[in-house]
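These figures come from a predicted structure and were not determined experimentally.
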Amino acid sequence: MKRLGIFFFYEKNGYVDDFLTYYLKDLCKNLSELVVVVNGKLSDQGRAAFEQFTKNIIVRENKGLDVWAYKTAIDSYGWEKLSEFDEVVMTNSTLMGPVRPLAEMFDEMAKNPDLDFWGLTVHHGAEGNPFRGKHLYDHLPVHIQSHFIVYRKKFIQSPELQNYWDTMPMIQGYMDSVQRYESVFTKLFADKGFKWDVYVKTDDLKAFTDYPLLICPVRLLRDKKCPLFKRRSFMHEFEAYLNDTAGEPARELYDYLRDETDYPVELLWRNMIRTMHPFDFTRDLALTRIIPERLQDSQCAEQVRKTRRIALAMHLFFTDMLPQSKAFAAKMTPETDVFISTNTEEKKAAIEACFADLPVHSVTVKVVENRGRDVAAFLCDLAPQLKDYDYACFMHDKKAIQTKPGSVGASFGYVCNENICRSKDHVLNVLTEFEKDPFLGILCPPFPTHGAYFLNMCSNGWGPNFDNTKALMKKLGIDVPISGEKAPIAPFGSVFWFRVKALRPLFDREWHHDDFPPEPLAPDGTISHAIERIYPFVAQGAGYYPAIVMSSVFAVQRCDTMQAYAGGLIRPLARIMDCTSFWGASRAISIFAAKRHFGLKVYGPYANTKRRRARNWLRDRMPESAYNKMMGVKRAVFGPHLDNYED
């Protein structure tokens, strides 16, 4: 069979991940010819990756999304030449796999020669149409999903299909793409008498979900021989998952791929870490580490102790807290080298006397400049001593004396220390987590949610630090996803475990104490607060991911705490919100918050950026009609014009 493949690709930097070449390697076994259409950039690396399979690579302006990429390929061939193929396959970079040979699918579909077009999977549609804008139908039709669709020769030769593509208007955004192409294509041509089908039959799941490939991918891969899965599974909004599930689809998919297929999951990790926000994939994959009270893998722990260099870095300021700090350090393995900074010779002598009988390999105490507190001491004085180590922990004697009452600050310290260093077995279990997961870069305690920390931390923890963190990332050359709407998985409180390699890009910068402001230090918004939030992004830029770590005891406490918070907020909301699901309630309150309400001084989605503050300032002072008109002109001239493509 003579078969043409049209492969659509978009990536902001034009980088082609290995999961794509893995997919194309198997796909091309079933093709006579391949054309790749790139929207936007294609790097030298990307071109070399695609040239393994074809020299026919079209790089075009990033406009029109997948629809105009496919149209560009169709126009480049022309209908006469396309009619020479028995099948034309249109697919894109939103799919991952295969987990079984694609030849099985092509051979099975060849048994039904009466089809005009066919696809991989179907979306079962909806009674209403959830997409904004103009609609051809008053409902969302059942349709073949556009990530993989195949045209047969007689369909290619039909005037109806040719006219459809020849008259296709420019696509203006994701909603336009859905309404003009993906959600309507199947019904448009079925109504004209053309026959279609999909390889993965999911009629038995209609009542279960309208989107089987996203909501129950394991069922499709395991029970229905589906060869491919969605990249979106690992970056889908967790809150959206909770509308239909308990949040398990991505974790079940990963476990199935790892345990029951030959698919190399390291391809998935590399793409996730390079392109996705950890706020999404760490929740979708349930990557929070719950550390048991007792040692779980003694053999691995012993191997770590024998073969890895382990360090503890400490900045100690409060001499009245030396007993607690020593108790923390005493939980480290006997092979640990301890490096301590403090700010006076008197304190150094007190620390050396207190730590003299500490059961560790070595203790080194250094007097450092008293500027920049624990963050400056860590980067300027302690980190340079850690470069040859494998795994390290950083802590400081946290009092949070600015927080009143004192119990609130003390409990912040408890949250940090309880989850980073509860016991000797806890420490060994943490070290084995790093040893067993080569992509794990940093483990942070959960953010505090009690007392005065509740609203800021639970809303996303940025406070006034988004702009300065983003600026610091740019200064350090770190290019990973960051969003003011998504919380950084950061060590709030500056107590954390890390793989030294993961933070090396930060350590390699030459830090000085005069990079930090003198005392009195502002309570928020300084470079120290930006650094506290930049650690996970540094690790991600180095090829690792951050995660939260909790002791099993604290995890139970955390669960009860969050249920208390949820119940306290949901009870009053339930009286005014006409909805039943979390997603419905979340959307309703978000819409409410985004509107202007006279009498409310604070409103709008919580992202403390200069652009958001400027927009809110204008919205406060302009009539609504004038404000909306101004924003319409702004978007028309400066954008955003198009959404990033991901169906």
Give the intermediate values and the outcome of salt bridge (charged side-chain N to carboxylate O under 4.0 Å, His left out) for residues Lys55 and Glu51.
-> CA-CA 5 Å; Lys55 298 294 183 183; Glu51 284 182 347; 3.8 Å; yes
Identify the two heavy atoms, one from Pro292 and one from Ser552, that lie closest to each other, and give their separation to 0.1 Å.
-> CA-OG, 4.1 Å
Residues Asp280 and Lys486 bridged, charged N to O under 4.0 Å | yes
Does the salt bridge (charged side-chain N to carboxylate O under 4.0 Å, His left out) test come out yes or no for Asp204 and Arg219, once each step is laid out?
-> CA-CA 11 Å; Asp204 58 321; Arg219 286 198 190 189; over 6 Å; no
Let me know which of Lys470, Arg274, Lys12 forms a salt bridge (charged side-chain N to carboxylate O under 4.0 Å, His left out) with Asp479.
-> Lys12
Answer with yes or no whether the side chains of Glu248 and Tyr241 bring together a donor and an acceptor at under 3.5 Å.
-> no
Hey, do the aromatic rings of Phe9 and Phe50 have their centres closer than 6.0 Å?
-> yes
Anything under 30° is parallel, anything over 60° is perpendicular, the rest tilted; go ahead and classify Tyr181 against Phe185.
-> perpendicular
Just wondering, more than 12 heavy atoms not from Lys201 lying within 6.0 Å of its NZ?
-> yes
Is there a side-chain contact between Asp203 and Lys206, using heavy atoms and a 4.5 Å cut-off?
-> yes
Do any side-chain atoms of residues 28-38 form donor-acceptor pairs under 3.5 angstrom with protein atoms, and if so which ones, sequence neighbours left out?
residue : atom : partner : partner atom : Å
Asn30   : ND2  : Asp26   : O            : 3.0
Ser32   : OG   : Arg3    : N            : 3.0
Glu33   : OE2  : Tyr77   : OH           : 2.6

Is the Phe229 to Tyr263 ring centre distance short of 6.0 Å?
-> yes
Which of parallel (below 30°), tilted (30 to 60°) and perpendicular (above 60°) describes Trp196 and Phe117?
-> parallel
Side-chain ion pair, Arg180 and Asp176, N-O less than 4.0 Å = yes
Quick one: does Glu182's side chain have a donor or acceptor within less than 3.5 Å of a partner on Ser177's backbone?
-> no
Salt-bridge criterion met for Asp437 and Arg289 (N-O under 4.0 Å) = yes
Does a donor on one side chain and an acceptor on the other come within less than 3.5 Å for Asp66 and Asn92?
-> no
Between the side chains of Arg60 and Thr72, is a donor N or O closer than 3.5 angstrom to an acceptor N or O?
-> yes
Counting only heavy atoms not in Asp114, do more than 12 sit closer than 6.0 Å to its CG atom?
-> yes
For Thr186 and Ile144, indicate whether the former's side chain and the latter's backbone hold a donor-acceptor pair under 3.5 Å.
-> yes
Within a strict 4.5 Å, meaning less than it, do heavy atoms of the Leu443 and Ile548 side chains meet?
-> no
Please check if atom NZ in Lys71 has more than 12 non-hydrogen atoms from other residues, nucleotides or ligands closer than 6.0 Å.
-> yes
Distance col, row Asp116:CG vs Gln157:CD, nearest 0.5 angstrom, shows 11.0 Å
If you look at every heavy atom in Tyr535 and Leu503, which pair is closest and at what distance?
-> O-CD2, 3.6 Å
Cys300 side chain reached by Lys436 side chain, heavy atoms, under 4.5 Å = yes
N/O donor-acceptor pair under 3.5 Å between Glu252 side chain and Pro249 backbone | no
Do the non-hydrogen side-chain atoms of Val122 and Gln145 ever get within less than 4.5 Å of each other?
-> no
Is Lys195 atom NZ crowded by more than 12 heavy atoms from other residues, nucleotides or ligands, each under 6.0 Å away?
-> no
More than 12 heavy atoms of other residues, nucleotides or ligands under 6.0 Å from NZ of Lys2: is that the case?
-> yes
Walk me through it: do Arg499 and Glu433 pass the test salt bridge (charged side-chain N to carboxylate O under 4.0 Å, His left out)?
-> CA-CA 11 Å; Arg499 187 187 302 270; Glu433 290 290 336; over 6 Å; no
Looking at His277 and Ile482, what are the two nearest heavy atoms and their distance?
-> CD2-CA, 4.0 Å
Please check if atom CG in Asp44 has more than 12 non-hydrogen atoms from other residues, nucleotides or ligands closer than 6.0 Å.
-> no
His123 versus Val142: any side-chain heavy-atom pair under 4.5 Å?
-> no
Residue pair Thr275 / Arg231, side-chain heavy-atom distance below 4.5 Å = yes
For Pro536 and Ile442, the nearest pair of non-hydrogen atoms, with its separation, is CA-CG2, 4.4 Å
Write down the atom of Ile58, the atom of Ala73, and the distance for their closest heavy-atom approach.
-> CD1-CA, 4.4 Å
Under 3.5 Å side-chain donor-acceptor pair for Thr91 and Tyr23 | yes
Below 6.0 angstrom between ring centroids: does that apply to Tyr391 and Phe498?
-> no
Could you grab the distance from atom CG of Leu102 to atom OH of Tyr199, nearest 0.5 Å is fine?
-> 9.5 Å
Start with the C-alpha distance between Val198 and Thr121, add both sets of side-chain angles, then the distance that settles side-chain contact (heavy atoms from CB on, under 4.5 Å), and finish with yes or no.
-> CA-CA 6 Å; Val198 290; Thr121 52; 5.8 Å; no
In terms of heavy-atom contacts, Ala240 and His236 come closest through CB-NE2, 3.6 Å
Close aromatic pair by centroid cut-off 6.0 Å: Trp269 and Tyr545 | yes
Would Phe439 and Tyr544 count as a close aromatic pair, with their ring centres under 6.0 Å?
-> no
Taking C-beta and beyond as the side chain, do Glu11 and Val16 meet within less than 4.5 Å on heavy atoms?
-> no
Can you tell me if His124 and Thr202 form a side-chain donor-acceptor pair at under 3.5 Å?
-> yes
Pairing of Glu266 and Arg270 as salt bridge, 4.0 angstrom limit | no
Compare all side-chain heavy atoms of Ile291 with those of Met550 and state whether any distance is below 4.5 angstrom.
-> no
Describe, in one word, how the ring planes of Trp118 and Phe148 are oriented to each other, choosing from parallel (under 30°), tilted (30 to 60°) and perpendicular (over 60°).
-> tilted
Check ion pair Glu435-Arg308 (N to O, under 4.0 angstrom) | yes
Taking atom CG of Leu267 and atom OH of Tyr22, what is their separation to the nearest 0.5 Å?
-> 7.5 Å
Residue pair Asp166 / Trp79, side-chain donor-acceptor N/O under 3.5 Å = yes
Derivation and outcome, salt bridge (charged side-chain N to carboxylate O under 4.0 Å, His left out), residues Lys154 and Asp86 = CA-CA 8 Å; Lys154 58 183 178 180; Asp86 299 297; over 6 Å; no
With a 4.0 Å cut-off, would you call Arg283 and Glu239 a salt bridge?
-> yes
Looking only at side chains, do Ser581 and Asn243 share a donor and an acceptor under 3.5 Å apart?
-> yes
One should read off an interatomic distance between Trp165 CH2 and Glu160 CD, to the nearest 0.5 angstrom, of 15.5 Å
Residue pair Ser83, Lys153: steps toward the side chain to side chain donor-acceptor pair (under 3.5 Å) verdict | CA-CA 6 Å; Ser83 297; Lys153 182 188 287 279; over 6 Å; no
